[in-house]
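This report refers to the structure that appears directly beneath it.
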Protein chains: 2
Amino acid sequence: MPSPKYHHGDLKNALIEAGIKILSKEGVGGLSLRKVAKRAGVSHSAPYAHFTDKQSLIAAISTEGFKQLYAELDAAVSPYASDPKQQLLEGAWVYVQFALNNRDTFHIMFSGILEKEKDYPAFVEISRKNFERVVDIVRACQDAGVLRPAPPEIMALTVWGQLHGIISLILEGNVSHVILDRFSIREMMLFAMNQMVLGKPLS
Amino acid sequence: MPSPKYHHGDLKNALIEAGIKILSKEGVGGLSLRKVAKRAGVSHSAPYAHFTDKQSLIAAISTEGFKQLYAELDAAVSPYASDPKQQLLEGAWVYVQFALNNRDTFHIMFSGILEKEKDYPAFVEISRKNFERVVDIVRACQDAGVLRPAPPEIMALTVWGQLHGIISLILEGNVSHVILDRFSIREMMLFAMNQMVLGKPLS
DNA sequence: CTTAAAATCTGGACACTGTCTAGTTTATAA
DNA sequence: TTATAAACTAGACAGTGTCCAGATTTTAAG
């Protein structure tokens, strides 16, 4: 099967996977099209048959990241369909864990590496889908009196922004060790979510 | 005065300023040491007399950004020494405005472009100073019953993270136009701050 | 004031990058 | 079977960060 043919067969996905690997080992600074090509065992310009440029590969990797995030979010939240508050908590934790476990993927998904996201429909779509899921959870929380009444979209952006801000500041190295040594990330996340929620503290 | 001497006189600062200019015109992708050097009117390797590498220049630009942010924060907050809630509001708005008015500087300050911030003492120091200012405001708010009692550091991280998350998501293009068209950034910021604060809505 | 040392700057080099173009091989379909 | 398209290679180019040897200027020591 691994006979080296002229045509790879599934080069596009191979390139995406190679990109993710390189990303996780060398970080975003070490990600180059040529390295990706070499890792996939093709010539340095082969990727251009599948991606118009480097941005396009990055879009594909980011899209993959959002798909994975959505899957994890869905898996963690679905079991608690009758308990919105728990959905919020589980969802929040999944987001934070995803960021911690996939630092560099998270980084290219959110740190403006991808410059014209609008040009990548698959990216826009899965991105929208993720946000819609958050909106749904928020709406359920509002109906259950866990979050205060308000347009669910702006409430969702607030919840998302809260989590995203804290974890981003930590990952990008903007939070001093004095803080990091004193509080666990889970503590910080719970504290922040408690700030969101009406009533009794979250477990 | 602008006689082209062999020695520039103040090349280090000239390079930092050139870097900021390029950054604001071409974004972080367009920032190169060689362009910075050209803009300052020196050879492509002249910067190495003042910066060990590109990261070092980026650290200097980021440091400059934090200094400016601190100055603006201080100017906006100081007049309200007797009104912690107003301090919180003004400070939050300054942060958001700074991000909007200095997109790319904000970007290199916070989006992990600088990889080993620990290696740059001036950066660490002004960064710490900024955070301390936030902690002070938060503490005052807690004393005034505007924010709930808690370790001020974790509360400060929460407030900061909330603002930072929302504005970052917006700037990096992760918030859909559906949302952006419906709510102004000031609305979003006020909504989020209201979520933080105990009691009556903020103006 | 002289002169040795240090700081600053130039120009050339190197490896690596993204991207383009021309041509080669394979798959597809008419 | 054959023409057309898709996938891939190899070579080129300009731009990049960084290093090096040397030139120029400033600084400081004698």
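Lettering follows sequence order; numbering is per chain, from 1. Owing to the predicted nature of the structure, the values given are computational and were not obtained by experimental measurement.
Classification of A:Arg133 and A:Asp136 as a salt-bridged pair fails, no side-chain N sitting under 4.0 Å from a carboxylate O.
Atom NZ of B:Lys35 sits in a crowded spot, with more than 12 heavy atoms from other residues, nucleotides or ligands closer than 6.0 Å. Applying the 6.0 Å contact sphere to CD of B:Glu17 captures no more than 12 heavy atoms from other residues, nucleotides or ligands.
Across its full length, the helix from C:dC1-D:dG30 to C:dA30-D:dT1 shows an angle of 10° between the axes of its 5 terminal pairs at either end, rounded to 10 degrees.
Atom pair A:Lys38:NZ and C:dG18:P shows a separation of 12 Å (rounding to whole Å applied). As rounded to whole Å, 19 Å separates atom C1' of C:dC20 from atom CZ of A:Phe51. If you take CG of B:Leu11 and C1' of D:dT26, they are 15 Å apart, rounded to a whole angstrom.
Aromatic ring centroids of B:Phe66 and B:Phe110 lie under 6.0 Å apart.
Here B:Ile166 contributes atom CD1 and B:Asn174 contributes atom CG; the two are 13.5 Å apart, rounded to the nearest 0.5 Å.
Closest non-hydrogen pair, A:His50 versus A:Leu15, comes out as CD2-CD1, 4.5 Å.
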Where do N or O atoms of nucleotides 15-18 of chain D meet protein N or O atoms at under 3.5 Å, pair by pair?
unit_1, atom_1, unit_2, atom_2, d
D:dT16, OP1, B:Ser32, OG, 3.1
D:dG17, OP1, B:Leu33, N, 3.0
D:dG17, OP1, B:Lys54, NZ, 3.3
D:dG17, OP2, B:Leu33, N, 3.1
D:dG17, OP2, B:Arg34, N, 3.4
D:dG17, N7, B:Arg34, NH1, 2.7
D:dG17, O6, B:Arg34, NH1, 2.8
D:dT18, OP2, B:Tyr48, OH, 3.2
D:dT18, OP2, B:Lys54, N, 2.8
D:dT18, O5', B:Tyr48, OH, 3.4
D:dT18, O4, B:Arg34, NH1, 3.1
D:dT18, O4, B:His44, ND1, 3.4

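Dashed line: the shortest gap from a side-chain N or O of B:His50 to OP1 or OP2 of C:dC9 is under 4.0 Å.
A:Glu64 and A:Thr105 are not linked by any side-chain donor-acceptor pair at a separation below 3.5 angstrom, with hydrogens and angles left out of the test.
Stacking of A:Arg128 on the aromatic ring of A:Tyr70 is not recorded, the 6.0 Å distance cut-off and the 45° axial limit not both being met.
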